[in-house]
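Nothing fancy with the numbering, it's 1 onward along the sequence.
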Amino acid sequence: MLTRFMTVAAVAAALALPLGAFAQGVTSYYIVQDVKTMKCTVVDKKPVATEATVVGSDGVVYKTKAEAETAMKTVKVCTSD
């Protein structure tokens, strides 16, 4: 009985680990604007504080940082240095 339980537990763990690793490996990028400086940056976490706000078309989420940086150049509310 113990052997069967250990086998089932090992199979369940083997199936669960790749799914968890895949979910954690997905990164999203956002264009955010600092409300004080009006400068825009690309971040990998959606801001929850009031110091920054997501800008762009409907708060779109980008798959790569390069894609977000390219899109940031077209966002009119972002100021340039």
Side-chain angles (χ1 to χ4, degrees):
M1 183 72 165
L2 183 61
T3 305
R4 186 174 182 182
F5 174 76
M6 295 300 285
T7 303
V8 170
V11 169
L15 292 174
L17 286 176
L19 295 176
F22 177 73
Q24 291 177 355
V26 175
T27 304
S28 301
Y29 294 92
Y30 303 86
I31 302 171
V32 298
Q33 184 181 43
D34 185 301
V35 295
K36 293 177 185 171
T37 65
M38 304 308 281
K39 298 286 183 188
C40 294
T41 56
V42 174
V43 296
D44 62 356
K45 293 183 178 155
K46 190 171 185 177
V48 292
T50 57
E51 290 102 24
T53 183
V54 176
V55 296
S57 53
D58 297 327
V60 68
V61 178
Y62 299 95
K63 294 180 182 179
T64 66
K65 187 173 182 177
E67 181 183 12
E69 288 171 342
T70 301
M72 188 170 64
K73 295 174 186 175
T74 65
V75 176
K76 296 189 185 301
V77 297
C78 297
T79 59
S80 59
D81 294 353

Testing the basics here: between [X] and [Y], what is the closest heavy-atom pair and its distance to 0.1 Å?
X     : Y     : result
Glu67 : Tyr62 : CG-CD2, 3.6 Å
Cys78 : Val55 : SG-CG2, 4.1 Å
Thr50 : Val35 : O-CG2, 3.5 Å
Gln33 : Met38 : NE2-O, 3.2 Å

| said: Taking Tyr29 as the starting point, is it possible to reach Met72 by hopping between hydrophobic residues whose side chains are less than 4.5 Å apart? | reply: yes

| message | Is there a path of hydrophobic side-chain contacts, each under 4.5 Å between heavy atoms of I/L/V/M/F/W/Y residues, joining Val60 to Ile31? | response | yes

| query | How long is the span from the NZ atom in Lys65 to the OG1 atom in Thr70, to the nearest 0.5 Å? | reply | 12.0 Å

| field | Check: Val61 and Tyr30 side chains under 4.5 Å, non-hydrogen atoms | value | yes

